[in-house]
There are 2 protein chains.
Amino acid sequence: MLAIGTLSRRTGTKVQTIRYYEEIGLMNEAGRTAGGQRRYDEKDLDRLAFIRHSRQLGFSLDSIRELLDLADNPAQSCSEADSIARRQLGQVEQRIKRLQALKKELRRMVAECDGDSVAECKVLEVLRDHSECLTEHNEIGA
Amino acid sequence: MLAIGTLSRRTGTKVQTIRYYEEIGLMNEAGRTAGGQRRYDEKDLDRLAFIRHSRQLGFSLDSIRELLDLADNPAQSCSEADSIARRQLGQVEQRIKRLQALKKELRRMVAECDGDSVAECKVLEVLRDHSECLTEHNEIGA
DNA sequence: CTTGAACCTCTATCAGCTGTAGCTTGTATC
DNA sequence: GATACAAGCTACAGCTGATAGAGGTTCAAG
């Protein structure tokens, strides 16, 4: 029987985060001691590790919920898990593209600025005027 | 004298967002009509455009606050604006690196999965076991 | 003068946690 | 069995950066 702190250490998840996952129904309600403390078994540990690893790979909690449902029913076809992963891959690729456009603008901004007074600062000038930009870059709604 | 909706249309910022920027002190408190509606001038429009463009380039509202302060005092050296932009560039580069590691893992995951039953789904297997990963990827705290 | 689009304030909501306050429990040591 | 204290508990506020909705008021065109 594992205490919440042990789960926390073994998975690198904060104690509050584990309680939060229980609250939103990602983790099952943990069993309790007579005094009311949560106790876990190896299955709980595995589930939490799955969640954390998925988060590290950028999956949303909603996607993780779907993936866990799939993992709980081993008889189904895995094509759904596959498509969740593909969707995630697509999103990551989109974000990379957007960030690369940003990077380009930022580099140009920084490179052209020669450290004179604010009045002729290239950085501020570019920020003031979007038409100075070469690319479409938009991090809002990323 | 411009109404809030005009500012909204001219900068592509939602009306609520403009009010929010006023609330958190990014935009100055707008003048009001006798009936209490906000009215703006061209300077306000420029300021909002600056904020929006900075957001599109991924700057945080705190960074934008600093940049606006600098832009308001044209006599200073621009080295501070420069370093804010460099910091932002560094963060963008970090995020790109992290996302590329993610992308690599996701591609491998998806490529190796051949659509059989969930029981032998490669996607789910990788999620279960981080040791199957080739790279360090961590999107948490990005 | 009437209409109705656009404005107002206030409050709640989203993801995904994180932190704090104030209290209780479990366990190791004596 | 007593004691100390780390680790647990609940409940709630706060973070970023907005966005949505309810319910009411104002402005400007016709």
Side-chain angles (χ1 to χ4, degrees), chain A residues 1-27 29-40 44 48 50-68 87-88 91 95 98 102 138-142, chain B residues 1-27 29-40 44 48 50-68 88 91 95 98 138-142:
Chain A
M1 282 305 173
L2 313 167
I4 198 169
T6 312
L7 237 68
S8 168
R9 254 168 280 123
R10 303 245 307 249
T11 62
T13 313
K14 298 234 160 117
V15 166
Q16 291 106 307
T17 306
I18 301 173
R19 291 197 281 244
Y20 171 71
Y21 287 160
E22 181 182 309
E23 194 186 313
I24 62 170
L26 260 194
M27 290 291 284
E29 285 207 18
R32 303 279 185 141
T33 63
Q37 297 195 359
R38 289 170 180 82
R39 287 296 180 268
Y40 299 93
D44 297 316
L48 183 55
F50 183 103
I51 295 170
R52 277 281 97 179
H53 194 209
S54 304
R55 284 294 297 134
Q56 284 171 357
L57 285 161
F59 288 91
S60 70
L61 293 181
D62 271 356
S63 293
I64 295 172
R65 215 183 286 272
E66 290 182 69
L67 290 166
L68 282 167
R87 191 178 66 201
Q88 174 63 15
Q91 283 168 11
R95 285 177 66 196
R98 263 198 303 261
L102 282 196
N138 193 348
E139 172 64 0
I140 298 177
Chain B
M1 281 305 172
L2 314 167
I4 198 167
T6 313
L7 236 70
S8 167
R9 254 168 281 121
R10 304 247 303 253
T11 62
T13 313
K14 299 235 159 115
V15 166
Q16 293 106 308
T17 305
I18 300 174
R19 290 198 279 246
Y20 170 72
Y21 286 161
E22 181 182 310
E23 194 186 313
I24 63 169
L26 259 193
M27 290 292 283
E29 284 207 19
R32 302 281 184 139
T33 64
Q37 297 195 358
R38 289 171 181 82
R39 286 298 179 268
Y40 298 93
D44 297 317
L48 182 56
F50 183 103
I51 295 170
R52 278 278 101 179
H53 193 209
S54 303
R55 284 293 298 135
Q56 284 171 358
L57 285 161
F59 288 90
S60 71
L61 294 181
D62 269 355
S63 294
I64 295 172
R65 212 183 286 272
E66 291 182 67
L67 290 165
L68 283 167
Q88 175 63 14
Q91 282 168 12
R95 284 178 67 195
R98 263 196 302 259
N138 193 348
E139 174 64 0
I140 299 177

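Scope of the values below: all heavy atoms of this structure, side chains included, with no hydrogens, waters or symmetry mates. Letters A, B, ... are given to chains in the order of the sequence lines, protein chains preceding strands, and every chain is numbered from 1.
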Note to self: Could you check whether any side-chain N or O of B:Ser54 sits under 3.5 Å from a backbone N or O of B:Phe50, counting only pairs where one atom can act as donor and the other as acceptor?
What the structure shows: yes
Next item on the list: Return yes if some donor-acceptor pair links the side-chain N/O of B:Gln88 with the main-chain N/O of B:Gly58 below 3.5 Å, else return no.
Entry: yes
Checklist line | Between A:Arg10 and A:Tyr40: side-chain donor-acceptor atoms closer than 3.5 Å | finding: no
Notebook entry, point to check: Does the side chain of A:Thr17 come under 3.5 Å of the side chain of A:Arg52 through a donor N or O and an acceptor N or O?
Noted result: no
Checklist line | Close side-chain approach of B:Arg38 to B:Glu22, heavy-atom, < 4.5 Å | finding: yes
Item checked: Residues forming a salt bridge (Lys or Arg N to Asp or Glu O under 4.0 Å) with B:Arg19, sequence neighbours excluded -> none
Margin query: Could you report the tightest heavy-atom contact between A:Asn138 and A:Arg98, atom names first, then the distance?
Written below: O-CD, 2.8 Å
Note to self: Please encode protein proximity along nucleotides 5-21 of chain D as a string of B, S and -, counting only heavy-atom distances under 4.0 Å.
What the structure shows: ---SSB------BBSB-
Margin query: Could you tell me the boundaries of the chain B footprint on DNA chain C, defined by atoms under 4.0 Å from its heavy atoms?
Written below: C:dC7 to C:dT9
